[in-house]
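Start at 1 and go down the list; that is how both ligands and their atoms are numbered. All residue numbers refer to positions in the sequence shown, counting from 1.
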Amino acid sequence: MTTTLTVLKDWVDSVASLTRPASIHWCDGSDEEYQRLIDEMQESGTLMPLDQKEYPGCYLHRSDPSDVARVEHLTFVCSKSQDDAGPNNNWMDPADAHAKIDALFDGAMQGRTMYVIPYCMGPIDSPYARLGVEITDSPYVVVNMNLMTRMGAAALARIEKEGHFVKGLHSTGDLDPDKRFIMHFPEELTIKSIGSGYGGNALLGKKCHALRIASWQARQEGWLAEHMLIVGIESPEGETHYVACAFPSACGKTNLAMLIPPESHAGWKIWTLGDDIAWLHLDTEGKLRAINPEAGYFGVVPGTNAKTNRNAFDMIQRNTIFTNVGLTADNQPWWEDKKTGKPAIDWLGNKYDGGNGPAAHPNSRFTVSARQNPSYSSLAEAPDGVPISALVFGGRRKELAPLVYEAKSWRHGVLIGAGVASETTAAAIGNVGVVRRDPMAMKPFCGYNFADYWAHWLSFADRSDNLPRIFHVNWFRQDEDGKFLWPGFGENLRVLRWILDRCEGRVDARPTPVGYLPQPDDIDTEGLDVSPETLEALLAVNVDQWKTEMQSIGEYLDSYGERLPDVLRAEHAQVVKALHAAE
Ligand code: GTP
Ligand code: SPV
Ligand code: MN
């Protein structure tokens, strides 16, 4: 296989002459190709088969111990002007960046096969879908891209028809963290990544293309590329609403996207459209419509059990690639909070004795096709996507942020999004549990200056009076003993119900300086172990704490200087004023 498209052929030739692979393979995306690569990786030791009786088609990959998460400090946006990348991104001059990374690519694929992966982000016949080609020397990347994207012959055909595509060059290099870089050249629609084989660093269709490059394109073209799940919520009366939620990494997107209604909610159904990324476009009626550019899930394994997420638990019982989980004595995958089995071997391959930290890495992941999800929506393949009723921001906050509140307007909602903060998680290398600003859950993923990004968000109010309402949720409030105040998981449906009631004008709300809060009776706690006092705590607005928070948000916004939209400053000033008036 090769291509009739000269720009593609020339680029592949030039990469081959730089990286000097032993051979070149054009991926067709077939089942045979997938299985052949799986077999080859078992021979080379890259993959280990799991117990094929209980876990048919499942394999374990152990990554290099230094290569277990995204590397934000090594991720760069290399726009011509540093201001276009903004204070939210690491920046390098494009010429310097190319020189630096090309030197590392020089001869990097010697003795290896170079795989050319044409892929399509979004349903293959969707006008909103975008094309890319990833060149990689990692067969692990190829099989993951097979599960995560529409890749192969059909994508190549569309690329040849359209004539343009995002170029992604990846090599695992020698996995030396000092020679690891993830670089984006938005003006050239190009990504270059070397030195990591892990997730968001290496599966270039995901965060690199579908968020960093796509967000840049979306701003120019008038749409949004967001770190959001997309979920359909069907009531017992058969009314379905679609909601898109932005929570930072490892803060509950996959879980909410495939939520199982609790027993108390007979007749409710949840339909998953996407668990990580949404591309949002205004339609001719001014409605925001969402597609999921991905076709599979790269999900956090720890915490997944039959009670928290039965759908995911069942889904990863077959045809799943596990990365960095532990093993039981009978060669089944094991992770913290699995609730069944016992660990015998840890994620590093050492005997597990309980003394040296978790058996599964906290950022261990499963890769699986979305089609295996029992709650997979039939509209996940719809070319025009689904209409969105509500946008929801969220974070992992021990205190302060209430269980749920609603923005007073689109503009106020943009301020709420811009002020999102969350405790850091194991999804990126670095400290865990430190609260940091993560606007719209896009801190690591926005490919341009956040000031321009907020202006772009604000501009939607000028283009439509039919926009979704905006909310903020927090499943992670804790008491003094570190116990979660809210049961979370399936019970989050109770909060989604309030959100939909608000969208439908079925309930009123309590106005506060920070937004509209539920009247306590409007959150159904029937059958829950949540006392009225706990609910009150979950729905409280502590004026003093919020004043401090708004001060900190104000300083954060100010760090964007002149480019910060005045509207956002004005929205901020209004909340501050309301907090002072509330004394
Ligand atoms: P990325 O794939 O990194 O973008 O993460 P994500 O946002 O999809 O997070 P995910 O759903 O995988 O959840 C991450 C962790 O949070 C898992 O360990 C979950 O068990 C836990 N979690 C998810 N939802 C809830 C919840 O409602 N309450 C509590 N307490 N924990 C939750
Ligand atoms: C995240 O970190 O938000 C993820 C995993 O979804 S990764 O693919 O590594 O970005
Ligand atoms: Mn994510």
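A salt bridge does not link R477 to E399: none of the charged side-chain nitrogens sits closer than 4.0 Å to a carboxylate oxygen. For R180 and D176, the salt-bridge test fails: no basic side-chain N is under 4.0 Å from an acidic carboxylate O. We find that R494 and D524 are joined by a salt bridge, their nearest charged nitrogen and carboxylate oxygen being less than 4.0 Å apart. Ion pair E423/R396 not flagged as a salt bridge, since none of the NZ, NE, NH1 or NH2 atoms sits closer than 4.0 Å to an Asp/Glu carboxylate oxygen. For E72 and R436, the salt-bridge test passes: some basic side-chain N is under 4.0 Å from an acidic carboxylate O. Using a cut-off of 4.0 Å between Lys/Arg side-chain N and Asp/Glu carboxylate O, R150 and E381 are scored as salt-bridged.
Annotation for ligand 1: atoms under 4.0 Å from non-hydrogen atoms of H227 are 4 (O). Distances below 4.0 Å separate heavy atoms of N255 from the following atoms of ligand 1: 10 (P), 11 (O), 12 (O), 13 (O), 19 (C), 23 (C), 24 (N). Below 4.0 Å from some heavy atom of F484 lie the following atoms of ligand 1, by number and element: 30 (N). Per-residue contacts place D276 under 4.0 angstrom from the following atoms of ligand 1 (heavy atoms of the residue considered): 4 (O). The K206 neighbourhood of ligand 2 comprises atoms 6 (O), 8 (O), with distances under 4.0 Å to a heavy atom of that residue. Of all atoms in ligand 1, numbered sequentially from 1 with element shown, those under 4.0 Å from a heavy atom of G303 are 20 (O). For ligand 1, the atoms closer than 4.0 angstrom to any heavy atom of K253 are 1 (P), 4 (O), 5 (O), 6 (P), 7 (O), 8 (O), 9 (O), 11 (O). Of all atoms in ligand 1, listed by their number and element, those nearer than 4.0 Å to a heavy atom of P248 are 7 (O). Ligand-side atoms of ligand 2 in range of A427: 2 (O), range being under 4.0 angstrom from any heavy atom.
Contact annotation for F445 and ligand 2: only side-chain heavy atoms (C-beta onward) come within less than 4.0 Å of the ligand. With a 4.0 Å heavy-atom cut-off, ligand 1 is reached by the side chain of F476 but not by its N, CA, C or O. Under 4.0 Å from ligand 1, the heavy atoms of C251 that appear belong solely to its backbone. Of the heavy atoms in T425, none comes closer than 4.0 Å to ligand 1. At a 4.0 Å heavy-atom cut-off, ligand 1 does not touch A257 at all. If you look at T304 next to ligand 1, there are no close heavy atoms at all, none under 4.0 Å. At a heavy-atom distance under 4.0 Å, atoms from both the backbone and the side chain of F489 approach ligand 1.
Remark: minimum distance from atom 2 (O) of ligand 1 to any protein heavy atom is reached at R365 NH1, 2.7 Å. Among all non-hydrogen protein atoms, the one lying nearest atom 2 (O) of ligand 2 is R70 NE, 2.8 Å.
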What verdict does the side-chain contact (heavy atoms from CB on, under 4.5 Å) test give for I316 and Y55, after you've listed the backbone C-alpha separation in whole Å, the side-chain angles of each residue and the deciding distance to 0.1 Å? CA-CA 8 Å; I316 60 179; Y55 285 85; 5.9 Å; no
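Across A250, A426, G252, heavy-atom proximity to atom 1 (P) of ligand 1 is greatest for A250. Nearest to atom 15 (C) of ligand 1 by heavy-atom distance, out of R396, R70, K207, is R396. Atom 18 (O) of ligand 1 has its nearest heavy-atom neighbour, among P302, A441, C245, in P302.
In this structure, E491 CD and H265 NE2 are separated by 7.5 Å, a value rounded to the nearest 0.5 Å. Interatomic distance, CZ of F165 versus SG of C120, reported as 14.0 Å (0.5 Å rounding).
Here's the thing with S249: one of its N/O atoms is less than 3.5 angstrom from an N/O atom of ligand 2. In terms of N/O distances under 3.5 Å, ligand 1 is not approached by D275. At least one N or O atom of K207, backbone or side chain, sits closer than 3.5 Å to an N or O atom of ligand 2. Residue G200 places at least one N or O, backbone or side chain, under 3.5 Å from an N or O of ligand 2.
For the pair H227 and ligand 2, a heavy-atom separation below 4.0 Å is found.
No other N/O/S atom of D276 lies as close to the Mn ion (ligand 3) as OD1 does.
For K207, the nearest N, O or S atom to the Mn ion (ligand 3) falls under 2.8 Å.
Remark: K207 is positioned above the aromatic ring of F445, its terminal NZ or CZ atom under 6.0 angstrom from the ring centre and at most 45 degrees off the axis.
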